[in-house]
Engineer: 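Pasting in a structure now, in structure tokens, and then I'll have a few things to ask.
Just so you know, these numbers come straight off a predicted model, no measurement behind them. Convention: sequence-line order gives letters A, B, ...; per-chain numbering from 1.
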There are 2 protein chains.
Amino acid sequence: MALPRAAKTQRRTRIQEEKEERILEAALEVFATNGFRGSTIDQIAEVAGMSKPNLLYYFRTKEAMHRALIERVLDTWLDPLRAFDAEGNPSAEIRSYIRRKLEMSRDFPRESRLFANEVLQGAPHIEDELVGPLKQLVDEKAQVIRAWAKAGKIAKCDPYHLIFAIWATTQHYADFDVQVRAVLGEDLAGEGRFEDAARFLEQLFLNGLKVQSTVP
Amino acid sequence: MALPRAAKTQRRTRIQEEKEERILEAALEVFATNGFRGSTIDQIAEVAGMSKPNLLYYFRTKEAMHRALIERVLDTWLDPLRAFDAEGNPSAEIRSYIRRKLEMSRDFPRESRLFANEVLQGAPHIEDELVGPLKQLVDEKAQVIRAWAKAGKIAKCDPYHLIFAIWATTQHYADFDVQVRAVLGEDLAGEGRFEDAARFLEQLFLNGLKVQSTVP
DNA sequence: CATAATGTTTACCAACCGGTCAAATTATCA
DNA sequence: TGATAATTTGACCGGTTGGTAAACATTATG
């Protein structure tokens, strides 16, 4: 009778875990490809293989589903940036950040598109996360980059725009996948694409951030 | 009685031009912020300041409106890439391409988001344009870049991924504007943002593509 | 095994949405 | 000016959508 989330029993039942898992998986699929408004509960229910009212038994509203999904995914999404290590070698850190972000685009394109859809449409559901945890983390890492530049370990540059550039270039392969495939052609797009992109971006960013010696 | 598009009179009346203009302007606003599925004819009608049936008098369906809008905007959108000149100085050409694209993001953010929404959701309405005119233009310019690299005028690099990187970094400021503003803070985001971004991206791409001399 | 709690389904509703229609209004021009 | 064509609107329609109510089924537990 009672809704699972509000149940008196503190423990989530096995069946609750399983179903919520299946629902969020389906929701990711649907929200990522249609955006929030473009997605219907029926669609999600079908992908999840259950009836609409059943789905609404676990998440009261479409928005609750979306919220739960965002919460669950945001942390993972920011992991690569968190791994950015102030003590490490600057070039190596930047290289591996690019690589990790690119791997995310390859392995979790739906998560990328979920956020892209949301941000693109004005982030009506995640604005708090943007100005809160996200900004804080970026500020912190920007300081690291700025220190590297000041110490002459990389070229002087605006750390925020550097981070934006890495986000943009790596996520592009997930978010604009259709366009990339259209331009490269179906064949080229598949096989070597990941390595090609990684090689190019590493070259671009590492040379681009190399300290410019004023005549050796 | 008859629909204007199918009218016997070949000439479009003044009133037709004006109304279609107003409708497409409103459609751009709405489609860009909500995507195709997320937009309603009522919304567009309200922004355009006319009734829904009146709007449907000029464009028979929502899709017809969207199609007309895409057609009208796509050419302009590709202009910067078209301006890319094989005869020019490579560094100067790349620099001014970046600048033009960045100006587009600043001056026509809605157009950018319109395409971003569309591509992000699988480009269901513009796939022909992608594999047709777009691919053709990109192929052509990729050849130019490849020739430059072969002639030693810029570093060896994959021209397609270079173009993707320029698209991604410049359009990022239009498409992910909310996120950029959230991270930079409302103040920093406004004034110097354009110049900061331009300076950073020019540094990144021009140094990144500089021929790496193997000891002078 | 009884029984209460949890989980699932069928039927349904009100609001919304894309689109039509016929009637009313306005612009055009002989 | 008056006839005719172009434009505009309110009322409406069928399908979709987010969500509810209540009956039914299943599972956990004393």
Engineer: Starting at CG of Leu55(B) and ending at C1' of dC17(C), how long is that distance when rounded to a whole Å?
Structural biologist: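 After rounding, the reported distance stands at 14 Å.
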
Engineer: Between Glu46(B) (CD) and dG18(C) (P), how many Å, whole number?
Structural biologist: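 Result: 14 Å.
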
Engineer: Who are the salt bridge (Lys or Arg N to Asp or Glu O under 4.0 Å) partners of Asp107(B), not counting sequence neighbours?
Structural biologist: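 Not a single residue meets the salt bridge (Lys or Arg N to Asp or Glu O under 4.0 Å) criterion with Asp107(B).
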
Engineer: Side chain of Pro53(B) only, please: which of dA6(D), dT9(C), dA11(D) is the nearest?
Structural biologist: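 The listed nucleotide nearest to Pro53(B)'s side chain is dA11(D).
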
Engineer: Taking atom C1' of dC24(D) as reference, at what distance in whole Å does atom OH of Tyr57(A) sit?
Structural biologist: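 My rounded result for the distance is 14 Å.
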
Engineer: Taking all non-hydrogen atoms of both residues, which atom of Arg37(A) and which atom of Lys62(A) are closest, and how far apart?
Structural biologist: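 In this case the closest contact between Arg37(A) and Lys62(A) is O-NZ, 3.9 Å.
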
Engineer: Rounded to the Å, how far apart are Glu20(B) CD and dT8(D) P?
Structural biologist: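 Answer to the nearest Å: 11 Å.
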
Engineer: Under 3.5 Å, is there an N or O donor on one side and an acceptor on the other linking the side chain of Lys52(B) and the base of dG19(C)?
Structural biologist: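 Such a pair exists between side chain and base.
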
Engineer: Roughly how many Å is it from CG in Asn54(A) to P in dG7(C), rounded to a whole number?
Structural biologist: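 To the nearest whole Å, that distance equals 10 Å.
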
Engineer: Indicate whether OP1 or OP2 belonging to dT9(C) is found under 4.0 Å from a side-chain N or O atom of Ser51(A).
Structural biologist: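 So the side-chain polar atoms of Ser51(A) do come within 4.0 Å of the phosphate oxygens OP1 or OP2 of dT9(C), strictly under.
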
Engineer: Could you tell me how far apart Asp42(B) (CG) and dT9(D) (P) are, to the nearest whole angstrom?
Structural biologist: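 Atom-to-atom, Asp42(B) to dT9(D), this comes out as 14 Å.
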
Engineer: Please state how far atom CZ in Phe59(A) lies from atom C1' in dG18(D), giving the value in whole angstrom units.
Structural biologist: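 Atom CZ in Phe59(A) sits about 16 Å away from atom C1' in dG18(D).
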
Engineer: How about His161(A) and Tyr173(B): are their ring centres within less than 6.0 Å of each other?
Structural biologist: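 Centroid separation for His161(A) and Tyr173(B): below 6.0 Å.
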
Engineer: In chain order, what residues pass the ring-ring contact (aromatic ring centres under 6.0 Å, His included) check against Phe84(B), with sequence neighbours excluded?
Structural biologist: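 With sequence neighbours excluded, Phe84(B) shows a ring-ring contact (aromatic ring centres under 6.0 Å, His included) to Tyr97(B), Trp148(B), given in chain and number order.
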
Engineer: Tell me, do Phe31(A) and Leu69(A) make a side-chain contact under 4.5 Å, heavy atoms counted?
Structural biologist: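 Yes, their side chains come closer than 4.5 Å.
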
Engineer: Does Thr40(A) reach a base, just sugar-phosphate, or nothing at all? Heavy atoms under 4.0 Å.
Structural biologist: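 Sugar-phosphate contact only.
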
Engineer: Of the nucleotides dC17(C), dT8(D), dT17(D), which has the atom closest to the Arg37(A) side chain?
Structural biologist: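 Among the listed nucleotides, the one closest to the side chain of Arg37(A) is dC17(C).
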
Engineer: Tell me the interatomic distance from Met65(A), atom CE, to dT17(D), atom P, rounded to whole angstroms.
Structural biologist: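 Met65(A) atom CE is separated from dT17(D) atom P by 14 Å.
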
Engineer: May I ask you to evaluate whether Gln16(B) reaches the phosphate of dT7(D), defined as a side-chain N or O under 4.0 Å from OP1 or OP2?
Structural biologist: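 For Gln16(B), the contact criterion (side-chain N or O under 4.0 Å from OP1 or OP2 of dT7(D)) is met.
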
Engineer: What's the closest nucleotide to the Tyr58(B) side chain, out of dT7(D), dG7(C), dG19(D)?
Structural biologist: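 The answer is dT7(D), which lies nearest to the side chain.
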
